[in-house]
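Below is one structure, written out as C-alpha cells, with a few remarks after it.
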Amino acid sequence: MCGIVGYVGKKPVKKILIDGLRELEYRGYDSAGIAVLQNHQFSLFKAVGKLINLEEKAHSFETTGFSVGIGHTRWATHGKPTELNAHPHLGNNSYVVHNGIIENYQELKTMLIGQGTRFLSQTDTEVIVHLFEFHLKTAYTPFEAFTQTLHELSGAYAVLLVNASVNDTIFFAKHGSPMIVGRNHEGETLFGSSDAALIGKCHEVIYLEDGHYGYASVEGIALFDDKNQAVNLNFTPLSENKLSAQKEGYRFFMEKEIYEQTTVLSDTLLGRLRDESIHFEELDPKLFDGINEIKLCACGTSYHAALSASYLLERHAKIKTSVEIASEFRYREPFLTPDTLFIVISQSGETADTLESLKMAKKFGLKTMVICNVDNSSMVRLADASVLTRAGIEKGVASTKAFATQVCVLWMLSLFLANERKTLDATEIRRQIRLLRALPATVAVDPALHEQLRRLSKRYLHGHGFFFIGRDVFFPLALEGALKLKEISYLHAEGYPSGEMKHGPIALADPELFTIALLPQHKLYEKTKSNIEELSARDATICSISPLDFDKADDHIRTKSTEDYMLEFFEMMVVLQLLSMEIAIRLGNDVDMPRNLAKSVTVE
Ligand code: M6R
C-alpha cells in the first residue's frame, strides 16, 4: 500500500525522504518518487520497482541548507505501475503526493480538461495538483487555493502538496487515510503516513484527525479542522524504541493487529469495488478462460480462509471448488485436470508446503494464482497471477488481520467470477458490494465487547477441552477460532461442524467441556441452535456468540444484528481473536511469540 513522507528542514533531504520511505516499504509498493523544493526550484526523481532504483536515479543529487521535500511509495490502484503514474505528480509549479482514492476525480478531470489542463497520468491523484493550480489563479494565497481544493475533493485522502512560490512550505490534509506530523529538537518538521517513518527522527507527533489540514513551514505548523477553525497543536511523545513504538500502546502486536483490521480491510477494498462489479487490476480476465474448477491450497489459517472461500465460490460463481491442505496435497498423487485454476493462499508467500504445491501445479501445466500478503515473495514470483491482501506486516505469530484480508479478497473473487460467469444477478452483486463496503466498520472493536471478553476469559482457563462449532462458513471460522486458542493458550481446542457433534464428539460432553458456539442469525440459525441445545442438554458448558438471545447458554456474547451472514462472520471472527488473546494473557503466555511456533514455516 502507498506510503507518504515529508520534510521541512536543513539536513540533506534526499536521505531523510528515502529512509522514511524505507520504513514504509513493508506495506508493499510498485513505484516510488521524491520531489525537493529549494530556492524556488524543483528536483524530481521517480522510479518503478524498489527504492534502490529511486536511489540510483537520484544518485548524484544532494542539497545543502534549507529545503522542503515530499516522497511517496505507490501501490497501483488507478493506472499501471509506471513512472508517469508514480507520485509526486506535477502541475505547472507544484507537486503532490496522495494516499487514498479521490472518488470524484473523473468529474473534476473532465472539468479541468475543459479549462485546458493536460493530464499526464492515469491516476486520480493528478486532479489534486491541477485543481490547486486552477484555484491559484484567483485565490489570494496558495493556502487559500489549497483550502478551496480540499472542499471539492470527495473520497479518502492524505495529501502533501508543495508549490514553488512558497519555498519553505508543505501543505497537508488528512481525510480518511492516516497522516502524522512530527517535530524534533532541531526545529525540523516531518510527515509520515505511519509513525514508522518518523521514529528516531522526531520526539513528538500529532496523529492528524479526519478533516485536519494546514501547512508546515520554517516558522512552524498551522493546523485547522473541518470547520476551518485553528486547532491547538497537541503533540504526543513518540517513542524512540522502534518495537514498542510500533505497538502504539497495545500490549501485544496481536492486539494491535486485531484493532488494525478496520484499516487494513479498507486498504484491501481500495480501488477494487465498483458500484456494479469487482475490479482486480492485477488480474487478466483471460486467466479464467477454459477454467471449470478451482483448487485452493494452503496451510493453517490460510487453509481456513480457503475453506471459507469454497462455500462462497460455489455459492456465488457456481464453480466446482475443492480445498487442499498443502502438506497432504504434495504427496497424495492428486488427479489434476487442465481446466483447473490452482490458487494458493499464504500470508508470507514462503510456506514450504504451499510453495512446493504451487510448483507441482505448475509442473502439471495448471494455471496458477496466489493470494498473498507479501509482494515479491517466492509464491508471488512463481504464480501466473497474484492478488495482494494488503494487510501490512503481521508480527504476531497468530495470524489475525491476514486472515481477515484473505477472506475479504476471496469473497471479492467469488463476486468477480459471479459477474464474469453471470451466475448472480446485478442486484445481488450490488447488494454484496454494499456489504463489502461495510466490512471495515463491522470489524471495528467495540471497547465494551473487548472488556466483556476480558472478564469472561477468567472462566475459560481450565477444562478438558474446547469445541468451537459452527455450520457453513462458520465451520471454517470455528476451525480458525480453535487454532487461535491452541496456538497462544496451549489449551486443547477443536473446530467442528455443529451437525457432526452427535456423530461422536458429543460423547465428551460434560461441564468441563467448553463449547464456543457460533450462532449467526442469517445462516442456518434453527439448525445450529438445535445442535447447541443437544450439547447443553448433556451439561456441556456453552458460550454462545449470536446477535439473538439464547437461553441455553452459560455465557452469551451478543454480536450486533447485521443484515447478512458474511458480516456476522467477520464480527464473530473478531470475538474469537480477542477471546483467545485474553485467555492467553491471563495464562501469562507470550502472545506474540508462542512456544514452538514460527511466523513463516519455510521447512516442511
Ligand atoms: O504464511 P502462510 O499463510 O502460508 O502460513 C500458513 C500457516 O503457517 C499460518 O497460517 C499459521 O497457521 C499461523 N500461525 C496461524 O495463526
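Computed from a prediction, not measured in an experiment: that's the story for all the values here. Atoms within each ligand, like the ligands themselves, are counted from 1 in listed order.
Checked by atom type, the side-chain pair Thr400/Gln577 shows no donor-acceptor distance below 3.5 Å.
Every atom of ligand 1 with a heavy atom of Ser302 under 4.0 Å away is listed here by number and element: 2 (P), 3 (O), 10 (O). Each of the atoms 1 (O), 2 (P), 3 (O), 4 (O) of ligand 1 lies under 4.0 Å from some heavy atom of Gln347. Those atoms of ligand 1 with a heavy atom of Val397 less than 4.0 angstrom away are 13 (C), 14 (N), 16 (O). Close approach to Ala398 involves these atoms of ligand 1, each under 4.0 Å from a residue heavy atom: 16 (O).
With hydrogens and angles disregarded, no donor-acceptor distance shorter than 3.5 Å links the side chain of Thr423 to the backbone of Asn419.
Checked against a 6.0 Å centroid threshold, the rings of His503 and Tyr496 do not count as neighbours.
Between Gln577, Lys484, Glu487, it is Glu487 that holds the heavy atom closest to atom 13 (C) of ligand 1. Across the listed options Ala305, Ala402, Cys299, Cys299 owns the non-hydrogen atom lying nearest to atom 6 (C) of ligand 1.
Taking the ring centre of Tyr250 as origin, the terminal cationic atom of Lys256 falls outside the region bounded by 6.0 Å and 45° from the ring axis.
A side chain to side chain donor-acceptor pair (under 3.5 Å) check over residues 505-515, counting only residues at least two apart or in different chains, returns the pairs His464-Asp510.
Between the CD atom in Glu356 and the OG atom in Ser327 there is a gap of 12.5 Å [rounded to 0.5 Å].
Polar contact with ligand 1: absent for Gln406 (N/O pair, distance under 3.5 Å).
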